[in-house]
Amino acid sequence: MADQSQVLSAGLIERQRVGQNTEDLVPKRHGVSDALIMLLPPEEDHDLAMARIFSDPVAMGNLEFKMLPNGYTAKDIAARRLDRDERQVKKEQVNYTVIVKKSLVPEHVVSLIDDDEYLPPKRVLIDSGHIDVDEPYLVVGCCGLLNMDAFNRSASVGIILDSRFWRTGISSAALYYSLKFGFDDLKLHRIGIETTEKNAGMRGWTENVLGIHVESIRKESLYLGNGKFIDSWDYAIFDYQWHGRAEARLRSKLRMVG
């Protein structure tokens, strides 16, 4: 019968094996094409739209700790994009720009869009081939997996969305594909969701759609500047929860079939 040291050693070897496999699966450029949205690798021609979203006090109203005093310039976003690209190469993140094709912009939003916001059709290269964006499109936000830890098979998920597209299903779709990639492709065990008490929309979505509850509240862990801090409300979803009920609940919300 194996002694305790042998059991622990075997467990460590298994964790290292799984962790290495998880790390190896992180792509340099990944994308998703769906009936509602596309998730594309961030590129230079997205920077201007992202600067507008990051400078919008409504879009960033629940993310005050990420705002700059005078808003973001395209140069600021370019620096952010290049830093996150480097982190993805290091297997620490998976980054997406959220886009919506012109024909799929919700009717009640169309009048809020200026013609010069649409970007031209393009072919986007990803590790597995390419994605064709076959009509003009809008950059409406960003999302992805952050703080990836291959050894412990964990990460966190986040999203920032143009406020004109709130309550359109786009955020749910983007988070669905981010979580699905994390659990199904990267074989993660735990994905955290970090938000704030003020962000009732995200907390409600996490609790009512995914069916999970707050894991911890980290007091005064987010700095807003001028000596002010706020609490971080931390949630987590595990692979067995995702495959057990959460994925099906989210697919039902998005009216996916099959």
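Residue numbers run from 1 in the order of the sequence given. Since this is a predicted model, take the numbers as computed values, not measurements.
- Placement of Ile113 and Leu36 within a single hydrophobic cluster is found when ILVMFWY residues are connected by side-chain heavy-atom separations under 4.5 Å, directly or transitively.
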Problem set entry | Criterion salt bridge (charged side-chain N to carboxylate O under 4.0 Å, His left out) on Lys122 and Asp45, from CA distance to verdict | CA-CA 11 Å; Lys122 65 185 297 185; Asp45 57 352; 3.0 Å; yes
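- Put simply, Ile159 and Ile212 are part of the same group of oily side chains (I, L, V, M, F, W, Y) that touch within less than 4.5 Å, one to the next.
- Judged by distance alone, the side chains of Ser103 and Glu135 do bring a donor and an acceptor atom under 3.5 Å apart.
- Checked by atom type and distance alone, the side chain of Arg29 pairs as donor or acceptor with a backbone atom of Leu125 at under 3.5 Å.
- A perpendicular orientation is assigned to the rings of Phe181 and Tyr96, their planes being inclined by more than 60° (bins at 30° and 60°).
- A 4.5 Å side-chain heavy-atom check between Leu188 and Ser154 finds every atom pair outside the cut-off.
- Under a 4.0 Å N-O distance rule, the pair Arg218/Asp231 does not qualify as a salt bridge.
- No path of Ile, Leu, Val, Met, Phe, Trp and Tyr side chains, each step under 4.5 Å between heavy atoms, connects Leu250 with Phe238, placing them in separate hydrophobic clusters.
- Salt-bridge formation is not detected for the pair Arg153/Asp149: no Lys NZ or Arg NE/NH1/NH2 atom is positioned less than 4.0 Å from an Asp or Glu carboxylate oxygen.
- Distance alone, capped at 3.5 Å, places no donor-acceptor pair between the Arg249 side chain and the Leu210 backbone.
- The 12-atom threshold is not exceeded at NZ of Lys253, counting heavy atoms of other residues, nucleotides or ligands nearer than 6.0 Å.
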Exercise. Under the side-chain contact (heavy atoms from CB on, under 4.5 Å) criterion, do Val32 and Ile131 qualify, and how do the steps go?
Worked result: CA-CA 8 Å; Val32 176; Ile131 294 175; 5.8 Å; no
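- With hydrogens and angles ignored, the 3.5 Å screen pairs no side-chain donor or acceptor of Lys91 with any backbone N or O of Gln88.
- Using a 4.0 Å cut-off between charged nitrogen and carboxylate oxygen, Arg84 and Glu92 do not count as a salt-bridge pair.
- No side-chain heavy atom of Thr97 sits less than 4.5 Å from a side-chain heavy atom of Leu39.
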For this session: Begin from the C-alpha positions of Lys101 and Asp134 and carry the test salt bridge (charged side-chain N to carboxylate O under 4.0 Å, His left out) through to its verdict.
Result: CA-CA 8 Å; Lys101 295 197 290 187; Asp134 57 4; 3.2 Å; yes
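- The two residues Ser156 and Asn147 come nearest to each other via the heavy atoms OG-ND2, 2.9 Å.
- Panel note: side chain Asn226, backbone Lys228; no donor-acceptor pair is recorded below 3.5 Å.
- Atom OG1 of Thr196 and atom CD1 of Ile230 lie 5.0 Å apart (nearest 0.5 Å).
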Let me have the donor-acceptor pairs involving side chains of residues 47-75, under 3.5 Å, with sequence neighbours excluded, atom names and distances please.
{"residue": "Asp47", "atom": "OD1", "partner": "Arg81", "partner atom": "NE", "Å": "2.9"}
{"residue": "Asp47", "atom": "OD2", "partner": "Arg81", "partner atom": "NE", "Å": "3.4"}
{"residue": "Asp47", "atom": "OD2", "partner": "Arg81", "partner atom": "NH2", "Å": "2.8"}
{"residue": "Arg52", "atom": "NH2", "partner": "Asp162", "partner atom": "OD2", "Å": "2.8"}
{"residue": "Ser55", "atom": "OG", "partner": "Ala51", "partner atom": "O", "Å": "2.8"}
{"residue": "Ser55", "atom": "OG", "partner": "Tyr72", "partner atom": "N", "Å": "2.6"}
{"residue": "Ser55", "atom": "OG", "partner": "Tyr72", "partner atom": "O", "Å": "3.1"}
{"residue": "Asp56", "atom": "OD1", "partner": "Val58", "partner atom": "N", "Å": "3.1"}
{"residue": "Asp56", "atom": "OD2", "partner": "Ala59", "partner atom": "N", "Å": "3.4"}
{"residue": "Asp56", "atom": "OD2", "partner": "Ser163", "partner atom": "OG", "Å": "3.1"}
{"residue": "Asn62", "atom": "ND2", "partner": "Asn199", "partner atom": "OD1", "Å": "3.4"}
{"residue": "Glu64", "atom": "OE1", "partner": "Lys198", "partner atom": "NZ", "Å": "3.4"}
{"residue": "Tyr72", "atom": "OH", "partner": "Lys66", "partner atom": "O", "Å": "2.4"}
{"residue": "Thr73", "atom": "OG1", "partner": "Lys75", "partner atom": "N", "Å": "3.3"}
{"residue": "Thr73", "atom": "OG1", "partner": "Asp76", "partner atom": "N", "Å": "3.1"}
{"residue": "Thr73", "atom": "OG1", "partner": "Asp76", "partner atom": "OD2", "Å": "3.1"}

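- Taking the charged nitrogens against the carboxylate oxygens, Asp239 and Arg190 have no contact shorter than 4.0 Å, which rules out a salt bridge.
- In terms of heavy-atom proximity, Tyr176 sits nearest to Glu247 at OH-OE2, 3.3 Å.
- Of the possible polar contacts, none joining the Trp233 side chain to the Val214 backbone as a donor-acceptor pair under 3.5 Å is found.
- Cluster annotation: Ile237 is connected to Val157 through the hydrophobic network of ILVMFWY side chains, with a link wherever side-chain heavy atoms come within less than 4.5 Å.
- Of the possible donor and acceptor atoms, none in the side chain of His30 sits under 3.5 Å from a partner among the backbone N and O of Pro27.
- Leu146 CG to Asn95 CG: the interatomic distance, rounded to the nearest 0.5 Å, is 7.0 Å.
- A distance of 11.0 Å separates CD1 of Ile160 from OG of Ser171, quoted to the nearest 0.5 Å.
- Under a 3.5 Å cut-off, the side chain of Glu117 and the backbone N or O of Asp114 do form a donor-acceptor pair.
- A 4.5 Å side-chain heavy-atom check between Leu175 and Met202 finds at least one atom pair inside the cut-off.
- If you check the side chains of Trp205 and Ser172, you find a donor sitting under 3.5 Å from an acceptor.
- Although no hydrogens or angles enter the test, the distance criterion places no donor-acceptor pair under 3.5 Å between the side chain of Glu194 and the main chain of Tyr235.
- Checked by atom type and distance alone, the side chain of Lys102 never pairs as donor or acceptor with a backbone atom of Tyr137 at under 3.5 Å.
- Counting only heavy atoms from C-beta outward, the side chains of His108 and Thr168 approach each other to under 4.5 Å.
- Distance CH2/Trp166 to CG/Leu161: 8.5 Å, rounded to 0.5 Å.
- Taking a cutoff of 4.0 Å between a charged side-chain nitrogen and a carboxylate oxygen, Lys28 and Asp127 do not qualify as a salt bridge.
- Ring geometry, His189 versus Tyr240: the interplanar angle falls from 30° to 60°, so the pair is classed tilted.
- Cluster membership check: Val124 does not share its hydrophobic cluster with Val98, using side-chain heavy-atom separations under 4.5 Å among Ile, Leu, Val, Met, Phe, Trp and Tyr.
- Side-chain contact between Glu43 and His46: present, with at least one pair of heavy atoms (C-beta onward) separated by less than 4.5 Å.
- By the 4.5 Å heavy-atom criterion applied to side chains, Met148 and Gln93 are not counted as neighbours.
- Separation of atoms OG (Ser33) and CG (Leu40) is listed at 8.5 Å; rounding is to 0.5 Å.
- Inter-residue side-chain proximity for Ile170 and Val100 is flagged as met; some heavy-atom pair is nearer than 4.5 Å.
- Side-chain atoms of Leu138 and Val105, non-hydrogen and from C-beta on, do get closer than 4.5 Å to each other.
- Of all heavy-atom pairs spanning Pro121 and Pro136, the tightest one is CG-N, 3.8 Å.
- Within a 6.0 Å sphere centred on CD of Glu207, heavy atoms belonging to other residues, nucleotides or ligands number more than 12.
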